[in-house]
There are 2 protein chains.
Amino acid sequence: MNKVTLKDIANEVGVSITTVSNVLNNKNITSYSEKRKQQILKIAEALNYEPNLAAKALATQQPNMMAVLLPHYTYGSLQECPFYFYLISGIKNGAHARGLDIIIRFIKANETVEALVAWARGRCLHGIVSVGEISKCLILGLNKLNMPIALVDNYTAFKLKNIHYINTMDEYGGLIAARHLLEQGYKHLCILTSSITEETVDYYRYRGFKKGVQQAGYEESLIVVSTTNYQEGFDISYEVKSMGIDGAFCTSDSLALGLIDGLRSLGVQVPTDLGVIGFDNMSRSRENWLPLTTINQNVIKKGELAVDTLYNHESWGSQAKVSVNLIKRATT
Amino acid sequence: MNKVTLKDIANEVGVSITTVSNVLNNKNITSYSEKRKQQILKIAEALNYEPNLAAKALATQQPNMMAVLLPHYTYGSLQECPFYFYLISGIKNGAHARGLDIIIRFIKANETVEALVAWARGRCLHGIVSVGEISKCLILGLNKLNMPIALVDNYTAFKLKNIHYINTMDEYGGLIAARHLLEQGYKHLCILTSSITEETVDYYRYRGFKKGVQQAGYEESLIVVSTTNYQEGFDISYEVKSMGIDGAFCTSDSLALGLIDGLRSLGVQVPTDLGVIGFDNMSRSRENWLPLTTINQNVIKKGELAVDTLYNHESWGSQAKVSVNLIKRATT
DNA sequence: CTGAAAGCGCTTACAG
DNA sequence: CTGAAAGCGCTTACAG
C-alpha cells in the first residue's frame, strides 16, 4: 500500500511524467491522442493514484487550504454554542466546493500576533476566516500576510486591502424585534445586551432595537449583562421583574431562555405579564417548554458567504450582510 | 512580505542552507559553534522565517496533520449538538501539543469508500480520528491506508492492526442510572433508546440499564425511539404516561429534556409522578427550567485520548474507555 | 566544523 | 504530439 506517484504511472504506461501530469490535470489536453489519454486515466485509476497535495502545493506555489480561526473565549461559553458548528459547516461547504481543505485553529486567550502569524505563514493558505471578536492587533498582524481575510461577526470596520466583513443584519434584527413587541401590545420595553459600545455585534442589535422603540415614540430601559448566557439571564430575572416593564429583548437566545426560566421561578407569566424575544434562532429556542420568539439568522449561509468572499475576492475590503427574519413563537 | 526561505537566511549569514537547516532543527547541533548558531537564529528571527510545511512534509515524508472525520447524519441533529464541539476541542488539544494540525472532513451520507480513501491518501496524515457511527466498509477502506485510526464512540469491535477504539463507559453509565432510579424509590422503570442491537452506543447504555434493573430483581419496560432528540422525547411522552411507569432513563439528554416538557404539557409532575434521567450532561441539561439528572462523561478528555492513542500507537488495536459519573439534579 | 548534491512528488516553460 | 530539465523549499546522507 505504498503511495503511488506520477512516476509509477509513467513507468507503467511507458510515457514521461510530464505527459501523465498533463493528462491528469487536463493541460494541453488537445495535444494528446484520445487513446493515450484513456490509457493513462485507466492506469491511474487502477493504481489508486492520488496526487500528493504537499508536493502539488510546493510546485504550483498555490495554496490549498482555508484556515478557520475560532475564538476561545471562556471555555464553555463558546463551546456550548451549536452556532459555531453551523458556521463551520457553511465554511466547509464553500471550501470543499472549491477543493480546499479547512484547517481549524483556536485562538488562545493570550495569543500573540507573532505566534498566530507564524502559524499562518507556514501553511499553504488560500485565505483566513476569522470568527467573532478578535483583537485589532491580531487582525492587523494577519493582514501583513497579504492574503484575503474574512471577518465573520466582527465590527471593527477596517478599510483595508484584503479585509472583508461578513455580518448579520444585526441592527435591522433589533429593529424588527422592537416593532414586533410593540405590535403585540407591549409598551414598556427593555433590552438586555452585553454591550452598548461600538464594534460589537450586541451593540448593533441594541442600536436597532433602540431605534425601533424611539421611532414609535416610546423609550426603552437598558440592562447591561456581563455575558449573554443562560445563567446570566436566569440571575437577572429578579431585576427585570422589579423594573415594571412588560417586554424584553435579549441579544441572544440563551440569555432569553435563562430569563424566561428565571421569571417563571418568580411567578411572572410569559407572555401575558411579560413578552420576551431572543436573537439567533438556535434550535434550543424552539425546543423549549415555552418556545421562544426570536430573530432568525442563517448561519450556514454566513459561513458559505465567507468562503465565497475570500475566493472571489477583490483585493479591497468588502462588506456583506445576511438577512434576518422574525420567528413568532410562544413568548410574545 | 514575500515568504522567506532557508536560502534567504543562508545568504544573509553567509553559510549554506544545510547549516541553517541543521541549526534551526537542532541537528548535529554540537558540531556548530555557539556563535554561528546564535547568528543564524537571530537572522531567522529578524526575517520572520517560518518553515514551509508542505516542503517539510515532502522532504521528510513525515505527516503533519491529524484528520478528523465527522458524521453528517441528518443535518441539524448532529450539528445542534455541542458535544462534537467539545470533542474537537479535545482533539485539538492533543494534536497541537504535538505540533500537528487538525483538518476536518465531514462524511457525506452517500460517501464512497473510494472518495474518502482518496481524500486521505493525498494528505500528509499522521492518523485519523473518526467520530461516531461510520459504516464498516469505510473503516475497512481507511484501514488499507495503513495508518492508525481512532474510532470514537464506535462499537464495531474490529480486531485489526491500526484500529483503536475510544469509548465512554456507556454500559456502566446505564447501570448506575438504573441503580440511582431504584435508590430514589422508583420501581417501575422504562428505558428509551434508539437501539437494542449491538455495535451502537445506545445498545450499551440500554444493556447496562437492563442489567442494573434486573440485578435488583425488577423488570424494565422498553421504548425504542427513532432518534434521540428533543422532539422525539416530547412526542413520546403521551405513550410514556400511559405505560404506568414511574421512572425513565433516556439514552440522551435531548431526549430526556423533550420527554420532560412533553410530560409537563400532559400534567405529569416530574420528579414526583415520574423520575427522569438522561445521559451526556450537556450544558443544556443544567440550564433548564427543571435541571436534569444525568450521567456525565468527559468529552474533551475523550478527544485528547483519541489523539494520544494515535500518537503512541502500538500497531495492534487497543481499547480505551473514559469514566462516567452521576449528576443528581431536579428530575429524580 | 561545513557544504555540495540528491531527493521528496509535483508543475511548467521550453525544446524537438 | 512528447519529454528532459529546472524548480518549488526543505532534509539528509556523505564527502571533505
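Just the heavy atoms: all of them, side chains too, but no hydrogens, waters or symmetry mates, feed the values below. Below, read A as the first sequence line, B as the second, and so on, with proteins coming before strands; counting in each chain starts at 1.
- When only modelled atom types and interatomic distance are considered, B/Thr309 and B/Tyr165 share no side-chain donor-acceptor pair under 3.5 Å.
- The side chain of A/Arg36 contributes an N or O atom lying less than 4.0 Å from OP1 or OP2 of D/dT2.
- The phosphate of C/dT12 (OP1 or OP2) has a side-chain N or O of A/Lys27 nearer than 4.0 angstrom.
- When rounded to the nearest whole Å, the span between CG of A/Asn22 and C1' of D/dG3 equals 10 Å.
- Here the side chain of A/Pro51 is nearest to one of C/dC10, D/dA5, D/dG9, namely C/dC10.
- The distance from atom NZ of A/Lys35 to atom C1' of D/dC1 is 14 Å, rounded to the nearest whole Å.
- Among the nucleotides C/dG7, C/dT11, D/dG3, the one closest to the side chain of B/Ala59 is C/dG7.
- A salt bridge between A/Lys42 and A/Glu45 is absent, with no side-chain N of the basic residue lying under 4.0 Å from a carboxylate O of the acidic one.
- Scanning both residues, A/Glu50 and B/Gly122, for their nearest heavy atoms gives CG-N, 4.0 Å.
- Listed nucleotides C/dT2, D/dC10, D/dA5 differ in distance to A/Thr18; the shortest reach to its side chain belongs to D/dA5.
- Taking the nucleotide of DNA chain C with the nearest heavy atom to each of B/Thr19 and B/Thr60, the more 5' of the two is matched to B/Thr19.
- In this structure, the CG atom of A/Asn64 is 15 Å from the P atom of D/dG9, given to the nearest Å.
- Among the nucleotides D/dC8, D/dT11, C/dC10, the one closest to any side-chain atom of A/Tyr49 is C/dC10.
- What separates NZ of B/Lys56 from P of C/dC8 is a distance of 19 Å, to the nearest Å.
- For B/Arg121 and C/dG9, the CZ to P distance is 14 Å, given to the nearest whole Å.
- Side-chain atoms of B/Ile17 lie closest to D/dT11 of the nucleotides D/dG3, C/dG9, D/dT11.
- Across every strand in view, D/dT2 sits in a pair with C/dA15 that passes the Watson-Crick or G-U test at under 3.5 angstrom.
- Contact annotation: A/Gln61 side-chain N/O to D/dG9 OP1/OP2 distance is under 4.0 Å.
- Going from atom CG of B/Leu6 over to atom P of D/dC8 covers 13 Å, rounded to whole Å.
- For the pair A/Ser16 and D/dG3, the criterion of a side-chain N or O lying under 4.0 Å from OP1 or OP2 is met.
- Between B/Asp308 and B/Arg98, at least one side-chain N (NZ, or NE/NH1/NH2) sits under 4.0 Å from a carboxylate O, which counts as a salt bridge.
- Proximity note for B/Leu58 (side chain, C-beta onward) versus C/dT2, D/dG3, C/dG9: the nearest is C/dG9.
- Looking at B/Thr19 and B/Ser16, their side chains do bring a donor and an acceptor atom within 3.5 Å of each other.
- To the nearest angstrom, P of C/dC8 lies 19 Å from CG of A/Leu53.
- Residue A/Ser21 has its side chain nearest to C/dT11 when only D/dA4, D/dC10, C/dT11 are considered.
- Between the P atom of D/dG9 and the CG atom of B/Leu24 lies a distance of 16 Å, rounded to the nearest Å.
- When distances run from any side-chain atom of A/Asn52 to the nucleotides D/dC10, C/dT12, C/dG9, the shortest one goes to C/dG9.
- Between A/Lys7 and C/dG9, a side-chain N or O to OP1/OP2 separation shorter than 4.0 Å is absent.
- Side-chain atoms of A/Thr5 lie closest to C/dG9 of the nucleotides C/dG9, C/dG3, D/dT2.
- With no hydrogens or angles considered, no side-chain donor-acceptor pair links B/Lys136 and B/Thr156 at under 3.5 Å.
- For C/dT11, the OP1/OP2 oxygens have a side-chain nitrogen or oxygen of A/Asn25 closer than 4.0 Å.
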